[in-house]
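Sequence positions, counted from 1, serve as the residue numbers for this chain. Atom set for the values below is all heavy atoms of this structure, side chains included, hydrogens, waters and symmetry mates excluded. Bear in mind that the values here come from a model prediction, so they are computed numbers and not experimental data.
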Amino acid sequence: MHWMAIRFTTLALVALGTLATVVLTAMDSAWWLCAAIPLLALLCLGIYDLIQTRHAIRRNYPILGNLRFLFEAIRPEIRQYFLEDDTQAAPFSRAQRSIVYQRAKKEVDKRPFGTQKDVYDDRYEWINHSLAPAHVADSDFRITIGGPDCKQPYSLSAFNVSAMSFGALSANAVLALNEGARMGNFAHDTGEGGISSYHRKPGGALIWNIGSGYFGCRDEQGHFSPEAFVRNACTPQVKMIEIKLSQGAKPGHGGILPGAKVTAEIAAARGVAIGQDCNSPAGHSAFDSPLGLMHFIAQLRELSEGKPVGFKMCVGHPWEWFAIVKAMLETGITPDFIVVDGAEGGTGAAPVEFVDHVGTPLREALRLVHNTLVGVNLRERIRIGASGKIITAFDMARAMAMGADWCNAARGFMFAVGCIQAQACHTDKCPTGVTTQDPLRQRALVVPDKARRVTNFHDNTLHALAELIGAAGLTHPGELRPHHIARRISPSEVRLLSSLFPELAPGELLEGKFRHQVFEVNWAMARADSFQPARDITASIARESQPAESVPA
């Protein structure tokens with residue numbers, strides 16, 4: 001019986017306290033109600049704990065067992081503010097968040113007393129500096145997007161707001177991001193949720209992201225509508241059109257917007273029902289093959305009166321990417337740009353397995369895309385963007401060294417508008433008003449103040465990039481190459497990224513030279529007319545891994 005006494009001690013004490021304070025209220029003073037009412041509430045909670053059947057710990061430890069759920073609820077905040085190491089990224093470290101806040105607020109972003117990183121850690125990376133540093137006078141780095149078939153090329157900043165939809169973000173967050181983009185003269189990707197009135201109102205440059213739901217360009221059945229597309233695409237504010245094939249947060253999975261966040265405004269922007277879950281299909285209905293994708297790109301370019309059209313993807317099966325390249329070669333149609341989204345990207349809700357274990361990380365994906373285009377002599381026609389956990393100027397420099405022409409950031413700009421990484425984005429209870437449709441919560445996000453912070457973060461990050469490449473003896477980030485970045489791979493070995501990720505020679509794949517297994521195995525499997533492999537992957541790998549003398553003729 002001793003164990004029962006311990007388990008029910010709290011309930012017994014609350015019951016005795018309730019009885020005592022009720023008696024004192026009746027016999028002494030009404031002031032005892034101040035104690036009687038809370039104790040009575042706790043007693044009711046304890047009784048409910050005993051009779052409820054959902055939580056065993058509450059049945060065994062009435063009242064006291066509720067502390068377990070309280071501590072669990074505030075665990076992320078306790079860890080983030082009191083226990084987390086400054087450099088421990090989960091998913092972004094305190095140091096990463098702090099640099100965004102400092103640059104957004106124009107506060108001091110310098111650090112005293114040396115690096116907090118372990119420079120002998122196996123993953124440590126750095127950029128090699130020059131004894132003849134260059135002076136970079138202008139940090140407004142820009143890239144012209146538009147291939148030979150583009151009639152309205154766009155001068156794009158080297159740093160832009162990555163795809164985040166209205167609905168996933170609040171109205172005030174979208175307003176702040178677009179106003180910040182307008183003031184800083186950089187672009188704002190709409191995300192697949194379509195172009196809302198909050199994207200239009202500030203007038204900032206837009207990259208219209210079109211996903212498999214075709215929001216903003218769909219008919220009543222949810223299929224692509226050319227007429228609806230023209231109405232949006234031909235507005236001056238839309239500078240580029242981006243077809244979303246897949247995204248880093250949940251590649252191979254459609255978009256997710258819980259019904260609780262589908263307000264009348266979101267429903268109007270997307271053309272869906274109010275209050276119902278808004279889930280995009282995993283795949284597109286406008287095309288079903290690489291050749292179809294190329295013809296869709298050509299169609300959108302023509303309908304938009306020659307604006308740059310490209311696509312965004314998180315790399316999965318290599319042969320599918322190679323199939324797209326073969327379709328480019330077969331049709332002569334090329335996208336104006338490709339945005340490579342790393343598997344480490346992601347701002348909205350996604351299944352845990354997809355977040356943790358699906359998709360190719362940015363560096364490997366970026367290098368594969370860049371090398372493939374070099375190997376088929378298409379790299380000069382197609383610009384490459386990179387997105388996925390890009391926060392600092394070094395993140396940008398590394399991505400550009402690996403083949404990117406420009407970089408996008410999503411969570412970085414979310415931090416700039418006030419995100420504190422509460423990781424409550426999918427609950428509609430964001431504490432800072434960034435990812436909620438609750439008007440009272442998003443009211444806390446003051447648009448003029450946050451818009452200025454968005455501009456500051458953009459400008460100060462590019463200024464830091466200018467200083468970084470100047471220290472390396474360069475004058476433009478387009479001059480960065482893998483040999484400028486070094487990585488420690490063991491306590492006693494350092495390698496340049498150029499040796500870890502070798503460069504293909506121009507036209508190498510067209511000549512049938514396959515120096516790397518990923519090309520040797522997957523190039524022959526790719527077919528322009530289908531995303532399905534031309535032959536069995538297991539047999540192909542087994543064949544290519546055999547010694548040359550044992551391979552049948």
Give me the atom names and distance for the closest heavy-atom approach of A323 to P290. O-CB, 3.5 Å
Side-chain contact test, heavy atoms from C-beta onward, threshold under 4.5 Å: evaluate it for R379 versus T372 and give yes or no. no
For the pair R301 and D336, evaluate salt bridge (Lys or Arg N to Asp or Glu O under 4.0 Å) and give the outcome as yes or no after the intermediate values. CA-CA 10 Å; R301 191 183 285 131; D336 297 292; 3.1 Å; yes
Ignoring hydrogens and angles, tell me if any N or O in the side chain of K450 forms a donor-acceptor pair with the backbone of A173 under 3.5 Å. no
Please check if the side chain of T360 supplies one atom and the backbone of V315 the other of a donor-acceptor pair under 3.5 Å. yes
Heavy-atom side-chain proximity of I324 to E320 below 4.5 angstrom: no
With ring-ring contact (aromatic ring centres under 6.0 Å, His included) as the test, would you mind laying out the steps for F92 and F415 before giving the verdict? CA-CA 10 Å; F92 288 90; F415 292 143; 5.4 Å; yes
Could you walk me through whether E479 and H484 pass the side chain to side chain donor-acceptor pair (under 3.5 Å) test, one step at a time? CA-CA 10 Å; E479 299 170 1; H484 289 111; over 6 Å; no
Axial cation check for W319 ring with K326, 6.0 Å and 45° limits: no
Over 12 foreign heavy atoms within 6.0 Å of CD, Q221: yes
Checking the side chain of H295 only, and the main-chain atoms of G292 only, is there a donor and an acceptor separated by less than 3.5 Å? no
Are side-chain heavy atoms of T144 and Y154 found at a separation under 4.5 Å? no
Less than 4.0 Å between a side-chain N and a carboxylate O, is that true for E330 and R527? no
With a 4.5 Å cut-off on side-chain heavy atoms, are M240 and I145 touching? yes
If you define the side chain from C-beta out and look only at heavy atoms, does anything of I243 sit under 4.5 Å from K312? no
Output yes when R142 and D405 qualify as a salt bridge under the 4.0 Å nitrogen-oxygen rule, no when they do not. no
Is S212 reaching over with its side chain to a backbone N or O of P281, donor-acceptor style, under 3.5 angstrom? yes
Approximate separation, where rounding is to 0.5 Å, of L206 CG and R200 CZ: 8.0 Å
Within 6.0 angstrom of E302 CD, more than 12 heavy atoms from elsewhere: no
Test item: H199 and V174 side chains (from C-beta on) under 4.5 Å apart, heavy atoms: yes
Checking W523 against V325 for the side chain to side chain contact (heavy atoms under 4.5 Å, CB included) test, could you report, in this order, the C-alpha distance in whole Å, the side-chain angles of both residues, the deciding distance, and whether it holds? CA-CA 10 Å; W523 185 259; V325 175; 4.2 Å; yes
Would the distance check show the side chain of S387 and the main-chain N or O of A409 forming a donor-acceptor pair, the cut-off being under 3.5 Å? no
Between T190 and N209 (side chain of the first, backbone of the second, donor and acceptor by atom type, cut-off under 3.5 Å), is there such a pair? yes
Do P502 and H516 touch side chain to side chain, with heavy atoms closer than 4.5 Å? yes
Lys/Arg N to Asp/Glu carboxylate O, E344 vs K389, below 4.0 Å: no
Do the ring centers of F141 and H476 come within less than 6.0 Å of each other? yes
Using 4.0 Å as the upper bound for N to carboxylate O, is an ion pair formed by R103 and D459? no
With N408 as reference, evaluate I207, I390, N160 under the side chain to side chain contact (heavy atoms under 4.5 Å, CB included) test and give the passing residue. N160
In terms of side-chain heavy atoms, does D529 have a donor or acceptor partner in S289 at a distance below 3.5 Å? no
Hey, would you say the F311 and F337 ring centroids sit under 6.0 Å apart? no
Grab the two heavy atoms, one from G507 and one from N377, that are nearest each other, plus how far apart they are. N-OD1, 3.0 Å
Would you give the length of the straight line joining atom CZ of F296 to atom CG of L291, rounded to the nearest 0.5 angstrom? 15.0 Å
Let me confirm one number: the CD1-CG distance from I485 to L500, rounded to the nearest 0.5 Å. 12.0 Å
Taking 4.0 angstrom as the limit, do E508 and R515 come out as a salt bridge? yes
Is there a donor-acceptor pair under 3.5 Å between the side chain of Q442 and the backbone N or O of A171? yes
Starting at CD1 of I382, measure out to CG of L373 and round the result to the nearest 0.5 Å. 5.0 Å
Is it true that a side-chain atom of R367 and a backbone atom of F501 form a donor plus acceptor pair closer than 3.5 Å? yes
F186 ring center within less than 6.0 Å of F159 ring center: no
Apply side chain to side chain contact (heavy atoms under 4.5 Å, CB included) to residues T475 and I469 and explain how you reach the verdict. CA-CA 7 Å; T475 58; I469 64 171; 6.0 Å; no
So does K244 pair up with E192, basic N to acidic O under 4.0 Å? yes
Within the distance-only criterion (no hydrogens, no angle test), does the side chain of K513 pair as donor or acceptor with the backbone N or O of L510 below 3.5 angstrom? no
Check N172 against L445 and note the closest heavy-atom contact, atom names and distance. ND2-O, 3.0 Å
Could you please spell out the steps behind the salt bridge (Lys or Arg N to Asp or Glu O under 4.0 Å) verdict for D395 and R398? CA-CA 5 Å; D395 297 332; R398 180 176 53 209; 3.1 Å; yes
Just by distance, do the side chain of Q437 and the backbone of G167 share a donor-acceptor pair under 3.5 Å? yes
Over all atoms of both residues, closest heavy-atom pair of A393 and L465: CB-N, 3.4 Å
Is there a donor-acceptor contact under 3.5 Å linking the side chains of R218 and S225? no
What's the spacing between R231 CZ and L303 CG if we round to 0.5 Å? 12.0 Å
Could you walk me through whether S285 and F224 pass the side chain to side chain contact (heavy atoms under 4.5 Å, CB included) test, one step at a time? CA-CA 8 Å; S285 60; F224 176 73; 5.9 Å; no
Indicate the atoms forming the closest heavy-atom contact of S304 with V309, along with that distance. OG-CG2, 4.3 Å
For H458 and T455, what are the C-alpha separation, side-chain angles and deciding distance, and is it a side chain to side chain donor-acceptor pair (under 3.5 Å)? CA-CA 5 Å; H458 169 270; T455 304; over 6 Å; no
Going by heavy atoms in the side chains, are I391 and T461 under 4.5 Å from each other? no
Go through the side-chain N and O atoms of T436 and D428 and say whether any donor and acceptor fall under 3.5 Å apart. yes
Approximate separation, where rounding is to 0.5 Å, of S170 OG and L175 CG: 8.5 Å
Between H188 and N178, does any side-chain donor sit less than 3.5 Å from a side-chain acceptor? yes
Of all pairs that satisfy salt bridge (Lys or Arg N to Asp or Glu O under 4.0 Å), the ones with a partner from residues 201-211, not counting sequence neighbours: none
For Q237 and G204 the tightest heavy-atom approach is NE2-O, 2.8 Å
Ring centroid separation Y214 to F229 under 6.0 Å: no
